[in-house]
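Basis for what follows: all heavy atoms, side chains included, without hydrogens, waters or symmetry-related copies.
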Amino acid sequence: MTVPYPFMDASVNGDGGVIAWIAGLTVALIGVGYVYYGLDRLLTRARPRPLPART
């Protein structure tokens, strides 16, 4: 049986190794998402507000 990624091969890494890899990747990707969210908030706050339109 072939697996799509080497870290998902339970015959090499064992069941615990596969679970640890998937859990670690999940935590890392959620962390990257929070970093991008925080950067978006900081950059939005730093951008100057547009002037109101003249009437």
Side-chain angles (χ1 to χ4, degrees):
M1 179 171 74
T2 60
V3 292
Y5 302 104
F7 64 86
M8 295 180 97
D9 193 356
S11 64
V12 174
N13 300 324
D15 292 335
V18 172
I19 291 170
W21 266 102
I22 291 173
L25 287 171
T26 300
V27 168
L29 290 174
I30 289 173
V32 168
Y34 276 116
V35 167
Y36 278 119
Y37 178 74
L39 284 173
D40 180 56
R41 296 285 306 243
L42 285 173
L43 293 174
T44 301
R45 200 174 291 163
R47 183 176 44 189
R49 304 257 182 225
L51 295 174
R54 287 182 159 187
T55 57

If you link I, L, V, M, F, W and Y whenever their side-chain heavy atoms are under 4.5 Å apart, who else ends up in the same group as [X]?
X	answer
Leu29	none
Tyr34	Ile30
Val32	Tyr36
Leu39	Val35

Ignoring hydrogens, what is the shortest heavy-atom contact between Ile22 and Thr26? Give both atom names and the distance.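 Closest approach of Ile22 to Thr26, heavy atoms only: O-OG1, 2.8 Å.
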Could you pull out every donor-acceptor pair under 3.5 Å between side chains of residues 2-16 and any protein atom, sequence neighbours left out?
{"residue": "Asp9", "atom": "OD1", "partner": "Ser11", "partner atom": "N", "Å": "3.3"}
{"residue": "Asp9", "atom": "OD1", "partner": "Ser11", "partner atom": "OG", "Å": "2.7"}
{"residue": "Asn13", "atom": "ND2", "partner": "Pro6", "partner atom": "O", "Å": "3.4"}
{"residue": "Asn13", "atom": "ND2", "partner": "Phe7", "partner atom": "O", "Å": "3.2"}

Return the set of residues passing side-chain hydrogen bond (donor to acceptor under 3.5 Å, both in side chains) with Arg45 (not counting sequence neighbours), or none when no residue passes.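 For Arg45, no residue satisfies side-chain hydrogen bond (donor to acceptor under 3.5 Å, both in side chains) once neighbours in sequence are set aside.
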